[in-house]
Visitor: 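There's a structure below that I have some questions on.
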Amino acid sequence: MQKRISPASAIRGSITLPGDKSISHRYAMIASIAEGVSHITNYSTGADCHSTLGCMRALGVEIEGSGTEWTIHGRGLDGLRAPAADLDAGNSGSTIRMLSGILAAQPFTSRIFGDESLSRRPMQRIMTPLAQMGARVEARAGKFPPLAIHGGALKPIQYELPVPSAQVKTCVLFAGLYADGQTSVIEPVKSRDHSEIALREFGADLTTESGRITIAGRPRLTGRELQVPSDLSSAAFFIVAALMVPGSQLSICGVGLNPTRSALLDFLAEMGARIRIPNLETVNGELIGEIVIEHSDLQGGLVEGALTAGLIDEIPVLAVLGAATENGLEIKDAGELRIKETDRISTVVDNLKRAGVRAVETANGMVIPGKQKFHAAQFDSFGDHRIAMAFAVAALSADGESIIEGAEAASVSFPEFWDKLREVAA
Ligand code: S3P
């Protein structure tokens, strides 16, 4: 599918956005192994979170609902059933990596696969700790999906994450729910903590102390009423669009502002972005607020180290913004970008060049000089949702109508993206 995007004269209005992808996955998985019923509102409409619902159904969990509201009839820690067919994780790294922690503890074998992009993404990062806990996991060529997970009784472990990854952390914590004793994950760089918050919310015994998260095995998890905050990583496309297009003023309501996700806002504020958060509240342990953004002239800057890990999903759209800043943007320590849905260092730089924007690809990052203008172009999502949306934002500032090839990819996290864009782009 192609989308044609005209330059915008301003981004204005007040919008709500769909539920957070990371939190939706976690609520669906934990609710499935809790006892009793959970009601989830503002569940992500993205295809990835539907892959998770599909897998949980295939494991015998009754799930009713539609759109953004779902009722999950939890089967308790030991209630999942052997699936009749292979589990389909679609495009979703979160589904395959996090669910594997639960599957590793089941008294049956599961096979889980994904689409072409997911089938190229590395799984050793979860296979290593799961093997230490006693599970046997087989993978194509020893490291890629499909996975065959031969579950069974698990031992508690202490595991230091070799790469900052909330998916791997969650996989180990989920497996730890089934281990007999205390399982700890040590994270040298803090990653998003939605699993810790959600597990506590459902009644798990979990403590966090200076980078060490410890979970007690065999807790009693009970069903809950849950409201998913809107996804800050989806909001990022609108935030950047409003910052870039002169005359913009945009308000986004009910956005998840968990400090482990909001590095983007701090970084933008440091560069001179006019962003306000007029109100804040806590729902199910997660911070939620309204964000008001006005067009701003930005300095540019350097993203490296822990900051890179903290805003890894926002780098494609930040790279677009970088070209419009005064001093440009340099991104370092972003090797993880090469193993996302696409190699995002290469797909971002490729698309920037299509618009006549200078950008240099480095081994683990990119350099984008500032004060550049976007020319109308034919962009390609390469099948990656965040690339489709990042370059739709670039197109808003171009000097003519642009085309986004493979625009349907946005549906992986944000099916409403194109309608919302039309709503605010004048
Ligand atoms: C996610 C963690 C991050 C992120 C992904 C979602 C999560 O991946 O890029 O979009 O929900 O835990 P890694 O765990 O690979 O860093």
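Excluded from the calculations below are hydrogen atoms, water molecules and symmetry mates; all remaining heavy atoms, backbone and side chain alike, are included. Whatever order the structure lists ligands and atoms in, that order sets their numbers, starting from 1. Note that the coordinates shown come from a computational prediction; the quantities given were computed from them, not determined experimentally.
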Visitor: What pairs of residues pass the side chain to side chain donor-acceptor pair (under 3.5 Å) test when at least one of them lies in residues 28-37, not counting sequence neighbours?
Guide: Glu35-Arg220
Visitor: Have a look at ligand 1 and work out which part of His25, if any, has a heavy atom under 4.0 Å from it: side chain, backbone, both or neither.
Guide: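 The answer is neither.
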Visitor: Counting heavy atoms only, which part of Ser94 comes closer than 4.0 Å to ligand 1: side chain, backbone, both or neither?
Guide: side chain
Visitor: Among Glu314, Arg97, Arg192, Arg386, which residue places a heavy atom closest to atom 6 (C) of ligand 1?
Guide: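 Comparing heavy atoms across Glu314, Arg97, Arg192, Arg386, the nearest one to atom 6 (C) of ligand 1 lies in Arg192.
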Visitor: With Asp193, which residues qualify under side chain to side chain contact (heavy atoms under 4.5 Å, CB included), at least two apart?
Guide: Lys169, Lys190, Glu196, Ile197, Asn258, Thr260
Visitor: For atom 3 (C) of ligand 1, grab the closest protein heavy atom and report residue, atom and distance to one decimal in Å.
Guide: Lys340 NZ, 3.9 Å
Visitor: Which of the listed options, Asp193, Asp48, Asp313, holds the heavy atom that is closest to atom 9 (O) of ligand 1?
Guide: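 Looking at heavy atoms only, Asp313 sits closest to atom 9 (O) of ligand 1.
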Visitor: Identify which of Met98, Lys21, Arg26 has a heavy atom lying nearest to atom 7 (C) of ligand 1.
Guide: Arg26
Visitor: Looking only at protein heavy atoms, which one is nearest to atom 14 (O) of ligand 1, and how far off is it?
Guide: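 The closest one turns out to be Ser165 OG, 2.6 Å.
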Visitor: Can you see which heavy atom on Ala319 is nearest to which on Val348, and at what distance?
Guide: CB-CG1, 3.6 Å
Visitor: Please verify whether a non-hydrogen atom of Ser195 lies at under 4.0 Å from ligand 1.
Guide: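 So Ser195 does not count as touching ligand 1.
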Visitor: Hey, which atoms in ligand 1 end up nearer than 4.0 Å to a heavy atom of Ser22?
Guide: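 Once the distances to Ser22 are compared, the set is 6 (C), 7 (C), 11 (O).
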Visitor: Scan side-chain atoms only and decide if Ser413 and His385 contain a donor-acceptor pair under the 3.5 Å cut-off.
Guide: yes
Visitor: Has ligand 1 got any nitrogen or oxygen that is less than 3.5 angstrom from a nitrogen or oxygen of Glu336?
Guide: no
Visitor: Taking C-beta and beyond as the side chain, do Met389 and Phe414 meet within less than 4.5 Å on heavy atoms?
Guide: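 A side-chain contact under 4.5 Å exists here.
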Visitor: Assess whether atom CD of Gln2 is packed by more than 12 heavy atoms of other residues, nucleotides or ligands within 6.0 Å.
Guide: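 For Gln2, atom CD is crowded (more than 12 foreign heavy atoms under 6.0 Å).
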Visitor: Which atoms of ligand 1 are found less than 4.0 Å from any heavy atom of Pro164?
Guide: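 So the atoms of ligand 1 that pass are 16 (O).
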Visitor: Does His194 reach ligand 1, in the sense of a heavy atom lying below 4.0 Å from it?
Guide: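 So His194 does not count as touching ligand 1.
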Visitor: For Ile312, is at least one N or O under 3.5 Å away from an N or O on ligand 1?
Guide: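 Between Ile312 and ligand 1, no N or O pair is found under 3.5 Å apart.
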Visitor: Are Arg354 and Glu405 close enough for a salt bridge, meaning some N to O gap below 4.0 Å?
Guide: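 The answer is no: the pair does not qualify as a salt bridge.
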Visitor: Does atom CG (Asp78) have a neighbourhood of more than 12 heavy atoms from anything else shown, all under 6.0 Å?
Guide: yes
Visitor: In plain terms, say whether Asp20 and Arg261 are close enough for a salt bridge, that is, a side-chain N and a carboxylate O under 4.0 Å apart.
Guide: yes
